[in-house]
Amino acid sequence: IADTRTVRDFVKAVKTVKRLDLLLLLTVCDIRGVGPGTWNNWKAALLRALYRQTRRALEDGMEALNRDQRGTDAKRNLRSALKDLGWESKDIRAEAARHNSAYWQGLHVTAHVTFAKLLKGIPDDEVRIDARMDEDRDATRVCFAMADHPGIFSRITGALALSGANVVDARTYTSSDGYVMAVFWCQDASGAPYETSGLTRLKGLINKTLQGDLIAREALAP
């Protein structure tokens, strides 16, 4: 849904706001009718995002989906949020300049702020993690920031597998100065966000795996 081409194709298929409204109602009823527990906030969040973007394009024209404009809006939102947090202008400019267009289009400003905090002054040998509940999506959002090197994605997913996490969404980006920003939305075995105790264990396993104290392939073998 973060890809404007997906939304453009959907807009062309739906054609009118009335059909969009009817399709949303039909989709929600269809999912809820499958059985108890099938509908959740994660699916609701995805449908809301698709609905908002599609309706905007139908009412204001396809130019409303312009990538450059979305990137400009995202940067402006981040600058405003960091200014409210007391960041200096030079640090705000540096943060806004280090990311590509996919990064600005693919994440909400709350994630942009989190990554800005994680990346600020980060040394090349450190892994910084932010894990918190995302109530709107019924999932735990885990953000990673670190210097880019081979095998990062597999080590992170190995750590998540060891913790028993079910990954419902994952995105990864690389900054122009060589840092990786990876974000995962995870649920526990029951399909719910991690409680505080579970978050502590999750972060501990991830740290051990990324630092090489735990080899996911070996730990998963049994």
Side-chain angles (χ1 to χ4, degrees), residues 1-35 37-85 87 92-93 95-117 132-141 143 167-176 181-187 191 193:
I1 296 173
D3 187 341
T4 55
R5 289 174 299 181
T6 300
V7 183
R8 286 178 188 276
D9 290 343
F10 188 64
V11 170
K12 291 175 183 176
V14 174
K15 293 186 174 63
T16 69
V17 173
K18 181 176 178 63
R19 289 179 67 180
L20 176 67
D21 290 342
L22 293 171
L23 182 59
L24 176 67
L25 290 171
L26 176 63
T27 304
V28 173
C29 291
D30 182 58
I31 295 173
R32 294 177 69 96
V34 171
T38 307
W39 175 259
N40 56 36
N41 281 355
W42 176 254
K43 292 169 185 172
L46 294 177
L47 288 174
R48 278 197 297 268
L50 180 59
Y51 178 88
R52 280 195 302 266
Q53 293 183 57
T54 305
R55 179 156 189 150
R56 184 180 178 190
L58 287 170
E59 293 179 338
D60 301 334
M62 286 291 198
E63 60 273 11
L65 300 176
N66 183 278
R67 290 186 176 205
D68 292 337
Q69 184 58 47
R70 290 173 66 183
T72 300
D73 292 344
K75 289 181 183 180
R76 183 177 62 248
N77 292 337
L78 176 66
R79 290 191 187 101
S80 177
L82 294 181
K83 187 176 181 180
D84 290 343
L85 292 173
W87 278 47
I92 294 176
R93 286 195 299 271
E95 176 60 24
R98 77 197 312 174
H99 303 292
N100 59 29
S101 59
Y103 176 80
W104 295 115
Q105 295 169 40
L107 296 173
H108 189 265
V109 66
T110 54
H112 291 153
V113 171
T114 294
F115 279 122
K117 293 177 180 177
R132 63 186 65 203
M133 187 182 298
D134 188 337
E135 294 182 355
D136 287 342
R137 303 189 180 195
D138 268 348
T140 299
R141 191 191 71 188
C143 295
V167 176
V168 292
D169 195 4
R171 302 172 198 176
T172 183
Y173 307 92
T174 306
S175 67
S176 59
M181 294 78 60
V183 55
F184 294 79
W185 282 269
C186 307
Q187 294 175 333

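Here the structure is a predicted model, which means the values were calculated and not measured. Worth knowing before you read on, the calculation uses all heavy atoms, side chains too, and leaves out hydrogens, waters and symmetry mates.
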Spatial distance of atom [atom1] ([X]) from atom [atom2] ([Y]) [nearest 0.5 Å]:
| X | Y | atom1 | atom2 | answer |
| --- | --- | --- | --- | --- |
| T16 | L23 | OG1 | CG | 10.0 Å |
| D73 | Q105 | CG | CD | 10.5 Å |
| I92 | R79 | CD1 | CZ | 8.5 Å |
| F184 | R141 | CZ | CZ | 13.5 Å |
| K18 | L58 | NZ | CG | 14.0 Å |
| L46 | T27 | CG | OG1 | 12.0 Å |

Counterpart residues, salt bridge (charged side-chain N to carboxylate O under 4.0 Å, His left out), relative to [X] (two or more places apart):
| X | answer |
| --- | --- |
| R171 | D169 |
| R19 | none |
| D21 | R55 |
| D138 | none |

Shortest non-hydrogen contact between [X] and [Y], atoms and distance:
| X | Y | answer |
| --- | --- | --- |
| G35 | T38 | O-OG1, 2.9 Å |
| A139 | V168 | CB-CG2, 4.4 Å |
| M133 | P193 | CG-CB, 3.7 Å |
| A74 | W104 | CB-O, 3.6 Å |
| S175 | H99 | CB-ND1, 4.3 Å |
| A97 | S176 | O-OG, 4.0 Å |

Practice task
Kindly indicate, with the supporting measurements, whether the criterion side-chain contact (heavy atoms from CB on, under 4.5 Å) is fulfilled by L82 and L78.
Solution key: CA-CA 6 Å; L82 294 181; L78 176 66; 3.8 Å; yes
Please name all residues satisfying side-chain hydrogen bond (donor to acceptor under 3.5 Å, both in side chains) with [X], sequence neighbours left out, ordered by chain then number.
| X | value |
| --- | --- |
| R137 | none |
| T174 | none |
| R132 | D130 |
| W185 | D134 |

So the salt bridge (charged side-chain N to carboxylate O under 4.0 Å, His left out) pairs with at least one residue in residues 98-114 (sequence neighbours excluded) are E95-R98, R98-D177
V109 meets the side chain to side chain contact (heavy atoms under 4.5 Å, CB included) criterion, sequence neighbours left out, with N77, V113
Sequence neighbours excluded, the answer for side chain to side chain contact (heavy atoms under 4.5 Å, CB included) partners of S80 is D84
pair T114-V183: side-chain heavy atoms closer than 4.5 Å | no
Measuring only between side-chain heavy atoms, which start at C-beta, is F10 closer than 4.5 Å to T6? no
The ring pair (Phe, Tyr, Trp, His ring centres under 6.0 Å) partners of Y173 (sequence neighbours excluded) come to Y103
> Can you tell me if T54 uses its side chain to pair, donor with acceptor, with the backbone of L50 under 3.5 Å?
Replying inline: yes
Requested in this report: Would you confirm whether K117, through its side chain, and H112, through its main-chain N or O, come within 3.5 Å as a donor-acceptor pair?
Outcome: no
Of V28, L22, L26, L20, the one forming a side chain to side chain contact (heavy atoms under 4.5 Å, CB included) with L24 is V28
